[in-house]
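Notes to accompany the following structure.
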Amino acid sequence: MTPRERRLREQAQRHRLILTTAREMAESEGWDHVTTRRLADRIEYSQPVLYQHFKNKDAIVHAVALEGFAELAAALRTAREAAGDPQEALGAVARAYADFAERGPVLYEAMLTLDPGEDTGEDTTGAAGTPAPLADVLAEIRQAVEPVAAGRDGGLLAEVLWSAWHGLAALTRAGRLRPDPARQRLAALTDALLGPAAQPV
């Protein structure tokens, strides 16, 4: 291994350690308690070394959010591809979304604070400046929606479903909704938007 290759590998390892540690700290104490000073102390690097990778805390949260969207897109893809038919696939994607938000509330919180215009120094954007991992999530939802959209705008329906799923996740986390009928709500939502009563005449 050349000195340059070794240096690049060490940089990648530091980058990964910073993000992993930030997520661990946030999961145990919340994002308000994650500061660059505390993070540098935890990983035993100086703050100047940390700033070589991220210009501030917001950039770290942004990078964590991008990871979260990539993980969510993968979870939705797995759920969709494992389903037996289009209707089942959409239900499976809805449940996978709700499960992801419930299983990782701190990560989900970081994803909600994502500023699409944040400059992390990395080329992570897709069309119209949308971060590629975020666009991948919407693409997965759209792929689940279009086979049952009955000729309607699949992209629009995907955006509406995503908005509704997020609303359900946020309200459930805030304790504003009863946790028990969560699955029934997801099914009712899908039926309301895509069921026979919602089809164009």
Side-chain angles (χ1 to χ4, degrees), residues 1-79 96-141 159 162-163 165-176:
M1 180 180 296
T2 67
R4 181 177 183 278
E5 289 173 336
R6 184 178 299 106
R7 185 168 60 254
L8 290 175
R9 184 180 69 175
E10 291 172 351
Q11 288 175 348
Q13 290 172 340
R14 282 198 303 269
H15 188 95
R16 166 57 29 213
L17 178 61
I18 291 168
L19 293 183
T20 300
T21 306
R23 287 178 65 162
E24 291 173 351
M25 290 175 65
E27 287 169 1
S28 62
E29 304 175 70
W31 283 109
D32 288 343
H33 295 278
V34 179
T35 66
T36 54
R37 181 182 297 278
R38 294 188 69 219
L39 187 54
D41 289 343
R42 180 73 65 89
I43 62 179
E44 299 182 341
Y45 288 140
S46 67
Q47 282 185 281
V49 170
L50 190 148
Y51 289 138
Q52 290 175 10
H53 294 268
F54 300 99
K55 65 181 180 181
N56 52 33
K57 174 186 171 178
D58 288 345
I60 295 172
V61 176
H62 180 90
V64 169
L66 291 178
E67 286 189 341
F69 279 113
E71 293 170 17
L72 175 57
L76 300 184
R77 184 177 309 112
T78 296
Y97 188 99
D99 290 345
F100 181 92
E102 180 181 2
R103 190 171 59 250
V106 170
L107 176 59
Y108 193 69
E109 179 184 355
M111 293 159 63
L112 300 182
T113 67
L114 178 64
D115 176 5
E118 180 73 28
D119 179 13
T120 62
E122 301 178 34
D123 183 13
T124 56
T125 58
T130 301
L134 191 157
D136 289 344
V137 168
L138 184 56
E140 285 300 324
I141 298 172
E159 291 175 348
W162 188 359
S163 300
W165 292 345
H166 164 61
L168 288 176
L171 289 170
T172 300
R173 183 185 175 199
R176 301 297 190 264

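Worth knowing before you read on, the calculation uses all heavy atoms, side chains too, and leaves out hydrogens, waters and symmetry mates. Start at 1 with the first residue, then count along the sequence.
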**Item:** Nearest-0.5 Å distance, CG of residue Asn56 to NE2 of residue His62
**Value:** 11.0 Å

**Asked** Quick one: side chain to side chain donor-acceptor pair (under 3.5 Å) partners of Arg23, sequence neighbours excluded?
**Response** Glu67, Glu71

**Fill in**
Shortest non-hydrogen pair, Ala26 vs Val106, comes out as CB-CG1, 3.4 Å

**Prompt:** Does atom CD of Gln13 have more than 12 heavy-atom neighbours, drawn from other residues, nucleotides or ligands, at distances under 6.0 Å?
**Reply:** yes

**Request:** Can you see which heavy atom on Leu66 is nearest to which on Pro131, and at what distance?
**Result:** CD2-CB, 3.5 Å

**Prompt:** Under 3.5 Å, is there a donor-acceptor pair between the side chain of Arg176 and the main chain of Ala174?
**Reply:** yes

**Asked** Going from CG on Leu50 to CZ on Arg42, what distance comes out if it is rounded to the nearest 0.5 angstrom?
**Response** 13.0 Å

**Fill in**
Hits for side chain to side chain donor-acceptor pair (under 3.5 Å) against Trp162, two or more places apart or cross-chain, chain-then-number order -> Tyr97

**Request:** Identify the heavy atoms of Ala73 and Glu140 that sit nearest to each other, and give their distance.
**Result:** O-CG, 3.7 Å

**Item:** Nearest-0.5 Å distance, NE2 of residue His53 to CG of residue Leu19
**Value:** 10.0 Å

**Asked** Does Ile60 reach the side chain of Val34, with side-chain heavy atoms less than 4.5 Å apart?
**Response** no

**Prompt:** Is the closest side-chain heavy-atom distance between Gln11 and Arg7 below 4.5 Å?
**Reply:** yes

**Request:** State which residues pass ring pair (Phe, Tyr, Trp, His ring centres under 6.0 Å) with Trp31; sequence neighbours excluded, sorted by chain then number.
**Result:** none

**Prompt:** Does Ile141 reach the side chain of Val137, with side-chain heavy atoms less than 4.5 Å apart?
**Reply:** yes

**Prompt:** Nearest 0.5 Å, what's the CG-OG1 distance between Leu39 and Thr21?
**Reply:** 6.0 Å

**Message:** Ignoring hydrogens, what is the shortest heavy-atom contact between His33 and Arg38? Give both atom names and the distance.
**Reply:** O-NH1, 2.5 Å

**Validation row: Thr35, Lys57 side chains within 4.5 angstrom (heavy atoms)** = no

**Message:** Can you tell me how the ring of Phe100 sits relative to the ring of Tyr108, calling it parallel under 30°, perpendicular over 60° and tilted otherwise?
**Reply:** perpendicular

**Message:** Please find the pair of heavy atoms, one from Ala96 and one from Ala75, that lie closest to each other, and give the distance.
**Reply:** CB-O, 4.1 Å

**Item:** Heavy-atom pair of closest approach, residues Ala40 and Gln47
**Value:** CB-CG, 3.8 Å

**Asked** Under 6.0 Å from the CZ atom of Arg6, do we count more than 12 heavy atoms belonging to anything else shown?
**Response** yes

**Request:** Can you measure from CG (Leu8) to CE (Met1) and round to the nearest 0.5 angstrom?
**Result:** 10.0 Å

**Approximate separation, where rounding is to 0.5 Å, of Ile18 CD1 and Arg14 CZ** = 7.5 Å

